[in-house]
Enquirer: 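The structure that follows is given in the form of structure tokens.
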Amino acid sequence: MLLEKIQKENDIKQLNVEELEGLAAEIREFLIEKISVTGGHLASNLGVVELTMALHLAFDLPHDKLIWDVGHQSYTHKLLTGRREGFEDLRKYGGMSGFPKRKESACDAFDTGHSSTSISAGLGYVAARDIKEEKHSVVSIIGDGAMTGGMAYEALNNASRLKSNFIIVLNDNNMSISENVGGMSRYLNGLRTAQAYTGLKKSVEDTLMKIPVQGEKILYHMKKTKSGIKQLFVPGMLFEDMGITYLGPVDGHDIRKLYKTLNEAKRVDHAVLVHVLTQKGKGYRPAEENPSVFHGIVPFDIATGRPKAKASKDSYTDIFSKVLCDIAKQDKTVTAVTAAMADGTGLARFARMFPERFFDVGIAEEHAVTFAAGMAAGGMKPVVAVYSSFLQRAFDQTIHDVCLQNLPVMLAVDRAGLVGSDGETHQGLFDLSFLSMIPNMTILSPKNRWEMADMVRFAVDFEYPVALRYPRGEAYEGMKEFRAPIEYGKSELLYEEEGIVILFVGHMAELAEEVRQELKEIGYSCSLVNARFVKPLDTGLLEKLKGDHKLYVTIEENVLTGGFGEQVMDYVSRAKLDVQVRCIGIPDDYVEHGNVDLLRREVGLNKDTIVKRIIADYCVLCNDRERLK
């Protein structure tokens with residue numbers, strides 16, 4: 001088995017040319033087998049096997065730096081750096097991450113998880129290298145999807161000014177090019193990067209610049225003519241016009257051609273972009289035929305490609321999708337916007353039913369929000385469906401373009417709270433905090449499937465900025481008997497007793513109900529409040545409850561800093577209410593990958609831990625030393 005020969009970085013260089021093709025096949029077989037058990041990102045990883053191998057052949061790790069944009073396609077990279085055993089616990093708590101992690105290996109140059117960041121990070125590495133007068137290559141690998149993000153072009157604009165080598169690999173799995181153009185391009189690549197050519201080019205330029213008055217004009221016209229000729233033959237003139245040398249397109253599954261082109265790229269004394277064509281899901285027919293399904297896949301049957309788990313009940317995303325489409329049937333002003341996540345956010349249904357009112361703007365969350373603001377100003381009711389962790393990227397646009405103008409944009413904030421296996425970069429733990437600080441923003445969150453449907457209807461018709469926050473996974477079906485109409489800024493008092501009151505946010509309903517039941521079994525009275533609105537805070541209810549309660553307990557799946565609990569605590573302090581507040585949420589830290597239930601236990605967001613904290617606090621308030629023992 002060739003894969004067994006790869007025990008550490010650079011071991012791939014010990015294999016001969018004939019063995020490399022066999023290694024690629026073994027890697028694909030290994031990835032399919034392991035991911036069918038653990039789940040993970042399959043299609044993207046199958047598509048970059050040969051590209052990753054060529055990178056590891058052309059560069060020395062960790063001396064040279066490879067920076068993977070997004071990073072979910074780094075599985076082969078992990079295999080080639082001696083982490084084969086780690087795939088047994090891939091994306092499990094305490095196990096290997098599904099993304100590059102600097103703390104995991106010196107060969108992971110930069111932690112990634114979000115899109116369009118690799119060129120900026122690579123430029124930073126280049127600047128550090130040049131200042132320190134070090135000698136190593138820096139390579140940023142970015143996909144064609146990530147190139148729709150504006151940050152990538154901001155970085156390219158900076159890269160065009162470089163006077164030293166920086167290699168950008170564009171992994172393009174969505175574009176084809178005719179053979180004759182490709183052939184001419186490969187010919188010109190070799191010509192432009194050959195040492196003899198680059199040396200002659202510099203000598204001619206230096207000589208022309210010495211000619212008084214006319215030298216600079218002659219050089220300008222030469223360059224202009226050359227660019228005009230190249231425009232006829234060379235794809236990628238966008239990059240060339242920016243001052244970035246373009247090489248390609250290259251067959252991303254031909255290791256020899258990739259290796260040769262990468263070595264040509266090393267000779268360029270400025271920024272160079274290598275355009276690589278790959279097939280997503282290559283080597284596994286189900287993934288080739290439906291790569292989007294196998295982008296992030298749950299455990300599946302290898303023979304059929306079908307998920308092993310049975311179909312689950314409706315998720316919050318499913319309910320959002322169905323209700324939004326029902327509303328859009330009646331209201332022609334409703335539009336939907338996604339940043340390349342139509343399937344994940346549930347907007348694929350809307351796209352099929354109302355294609356003229358559906359907009360996929362690519363991986364460009366900042367643009368998505370401001371685009372929606374423009375539609376709102378134009379009299380439409382735009383709904384932007386986005387994962388919580390990706391909404392972070394559009395924070396300024398939410399402030400400046402939506403809320404400052406008080407425009408009726410609905411943010412459907414999906415995957416809020418702990419999401420599990422994707423880890424730190426994808427946990428939706430900050431949205432309540434950063435959205436709450438914005439004037440004119442309204443934030444609400446549902447306790448169960450029925451309230452989710454009601455809140456979608458409320459939010460779409462709301463005439464000001466509003467964020468509806470909901471988690472990944474099945475919608476809770478408990479508390480069905482509680483379905484009071486949604487009233488702006490008002491909480492829902494579910495059980496009214498005395499002593500202790502639990503105020504929970506959204507999908508913490510089931511946990512809060514379990515905590516209350518446990519307290520009652522022990523002998524404590526406990527009221528229960530569904531916050532519904534995180535902003536505005538229902539201060540009227542806080543005032544009402546102070547008479548019969550000594551302890552307010554808030555439960556939220558958000559960081560404590562700036563979250564719902566801190567808002568309650570702040571009001572209680574300012575209003576001088578004679579009660580104590582215990583805030584339960586995520587501590588001031590990032591939460592790694594793993595099963596959500598396990599992660600909740602780790603951060604103290606589980607029934608037993610919360611009950612112990614409440615009893616301890618309440619006994620201190622009541623001076624009950626016996627119970628405290």
Side-chain angles (χ1 to χ4, degrees), residues 417-418 429 432 445 447-448 476 478-479 482 491-532 534 537-539 541-573 575-589 591 596-629:
L418 293 165
L429 304 177
L432 292 184
S445 189
K447 68 177 182 295
N448 58 21
Y476 183 45
M479 298 185 176
F482 299 105
S491 299
E492 183 183 33
L493 182 56
L494 304 176
Y495 297 99
E496 186 172 9
E497 295 183 351
E498 59 183 17
I500 302 166
V501 57
I502 296 173
L503 305 100
F504 66 85
V505 174
H507 64 283
M508 292 291 93
E510 184 174 8
L511 174 60
E513 195 172 33
E514 291 173 352
V515 169
R516 176 181 179 271
Q517 189 60 39
E518 181 76 11
L519 288 170
K520 287 186 67 63
E521 288 176 5
I522 297 172
Y524 292 92
S525 295
C526 183
S527 298
L528 189 62
V529 172
N530 169 24
R532 282 191 166 174
V534 173
L537 190 65
D538 189 352
T539 56
L541 184 61
L542 296 179
E543 293 280 358
K544 174 186 174 182
L545 295 172
K546 68 180 180 181
D548 296 324
H549 298 83
K550 293 184 178 181
L551 179 64
Y552 289 1
V553 180
T554 65
I555 304 179
E556 62 190 303
E557 201 167 75
N558 186 81
V559 290
L560 290 170
T561 305
F564 173 70
E566 282 205 353
Q567 292 179 56
V568 171
M569 185 180 289
D570 176 66
Y571 180 79
V572 166
S573 175
K576 297 182 170 63
L577 304 187
D578 187 21
V579 295
Q580 293 294 313
V581 181
R582 160 65 76 172
C583 300
I584 306 291
I586 306 297
D588 186 22
D589 201 355
V591 180
V596 170
D597 289 337
L598 190 155
L599 294 177
R600 285 179 181 161
R601 289 197 299 271
E602 287 296 312
V603 299
L605 203 57
N606 63 302
K607 183 189 72 173
D608 292 344
T609 302
I610 295 173
V611 168
K612 287 178 182 177
R613 289 181 180 177
I614 292 173
I615 291 174
D617 288 346
Y618 195 64
C619 288
V620 169
L621 282 173
C622 298
N623 198 25
D624 189 345
R625 298 182 182 276
E626 289 303 315
R627 286 220 186 196
L628 191 57
K629 290 178 182 178

Enquirer: Measuring from atom CD1 of Ile615 to atom CG of Leu519, what distance do you get when rounded to the nearest 0.5 angstrom?
Expert: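 Interatomic distance, Ile615 CD1 to Leu519 CG, rounded to 0.5 Å: 6.0 Å.
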
Enquirer: Less than 4.5 Å apart, any side-chain heavy atom of Leu493 and any of Glu496?
Expert: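 They are in contact (side-chain heavy atoms under 4.5 Å apart), so the answer is yes.
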
Enquirer: Is there a donor-acceptor pair closer than 3.5 Å between any side-chain N or O of Asn558 and the backbone N or O of Leu432?
Expert: yes

Enquirer: Kindly indicate, with the supporting measurements, whether the criterion side chain to side chain contact (heavy atoms under 4.5 Å, CB included) is fulfilled by Glu557 and Val505.
Expert: CA-CA 8 Å; Glu557 201 167 75; Val505 174; over 6 Å; no

Enquirer: Atom OH of Tyr524 and atom SG of Cys619: how far apart are they, to the nearest 0.5 Å?
Expert: 3.5 Å

Enquirer: Would you find a donor on one side and an acceptor on the other, under 3.5 Å apart, between the side chain of Glu556 and the backbone of Gly563?
Expert: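 A pair under 3.5 Å: no.
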
Enquirer: So Glu498 and Lys550, salt bridge (charged side-chain N to carboxylate O under 4.0 Å, His left out) or not? Walk me through it.
Expert: CA-CA 8 Å; Glu498 59 183 17; Lys550 293 184 178 181; over 6 Å; no

Enquirer: So which of Glu510, Glu513, Glu518 actually passes salt bridge (Lys or Arg N to Asp or Glu O under 4.0 Å) with Lys607?
Expert: Glu518

Enquirer: Are any side-chain N or O atoms of Glu492 and backbone N or O atoms of Arg532, one a donor and one an acceptor, separated by less than 3.5 Å?
Expert: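 A pair under 3.5 Å: no.
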
Enquirer: So, Asn448 side chain and Gly478 main chain: donor-acceptor pair closer than 3.5 Å or not?
Expert: yes

Enquirer: Run the side chain to side chain contact (heavy atoms under 4.5 Å, CB included) check on Phe504 and Val515 step by step: do they pass?
Expert: CA-CA 11 Å; Phe504 66 85; Val515 169; over 6 Å; no

Enquirer: Whether the side chain of Thr609 engages the backbone of Gly604 through a donor-acceptor N/O pair (distance < 3.5 Å, no angle test) should be reported.
Expert: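 No; zero donor-acceptor contacts below 3.5 Å.
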
Enquirer: Of all heavy-atom pairs between Leu605 and Leu511, which one has the smallest distance, and what is that distance?
Expert: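 Smallest heavy-atom distance, with atoms named: O-CD2, 3.6 Å.
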
Enquirer: Mark yes when over 12 heavy atoms from residues, nucleotides or ligands other than Lys544 sit less than 6.0 Å from its NZ; otherwise mark no.
Expert: no

Enquirer: Please round to the nearest 0.5 Å and tell me the distance separating atom CG of Leu528 and atom CD1 of Ile555.
Expert: 8.5 Å

Enquirer: When you compare the side chain of Ile584 with that of Thr554, does any pair of heavy atoms fall below 4.5 Å?
Expert: no

Enquirer: Of all the heavy-atom pairs spanning Glu543 and Leu577, show the shortest one and how long it is.
Expert: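 That closest heavy-atom pairing would be OE1-CD2, 3.4 Å.
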
Enquirer: Less than 4.5 Å apart, side chain to side chain, heavy atoms only: is that true for Ile614 and Leu551?
Expert: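 Sidechains of Leu551 and Ile614: in contact.
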
Enquirer: Show the nearest heavy-atom pair for residues Ala531 and Ser491, with the distance to one decimal.
Expert: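 Of all heavy-atom pairs spanning Ala531 and Ser491, the closest is O-OG, 3.1 Å.
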
Enquirer: Working note: His507 + Ser445, criterion side chain to side chain donor-acceptor pair (under 3.5 Å); need CA distance, chi angles, decisive distance, verdict.
Expert: CA-CA 8 Å; His507 64 283; Ser445 189; 5.0 Å; no

Enquirer: Show your working on side chain to side chain contact (heavy atoms under 4.5 Å, CB included) between Asp578 and Lys546 and close with a plain yes or no.
Expert: CA-CA 7 Å; Asp578 187 21; Lys546 68 180 180 181; over 6 Å; no

Enquirer: Please identify which of these residues, Leu494, Leu542, Leu541, Ile502, meets the side chain to side chain contact (heavy atoms under 4.5 Å, CB included) condition with Val529.
Expert: Leu541

Enquirer: Just by distance, do the side chain of Lys447 and the backbone of Phe482 share a donor-acceptor pair under 3.5 Å?
Expert: yes

Enquirer: Could you give the distance from CE (Met508) to CG (Asn530), rounded to the nearest 0.5 Å?
Expert: 12.5 Å

Enquirer: Any donor-acceptor pair under 3.5 Å linking the side chain of Glu497 with the backbone of Cys526?
Expert: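 Yes, because the side chain of Glu497 sits within donor-acceptor range (under 3.5 Å) of the backbone of Cys526.
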
Enquirer: His549 and Ser527: side chain to side chain contact (heavy atoms under 4.5 Å, CB included), yes or no, with the steps?
Expert: CA-CA 9 Å; His549 298 83; Ser527 298; 2.7 Å; yes

Enquirer: Can you tell me how far the CG atom of Asp589 sits from the CG atom of Leu560, to the nearest 0.5 Å?
Expert: 12.0 Å

Enquirer: Establish, yes or no, whether the cationic atom of Arg582 lies under 6.0 Å from the six-membered ring centre of Tyr552 and within 45° of the ring axis.
Expert: no

Enquirer: In Å, rounded to the nearest 0.5 Å, how long is the span from OG1 of Thr561 to CG of Asp588?
Expert: 4.5 Å

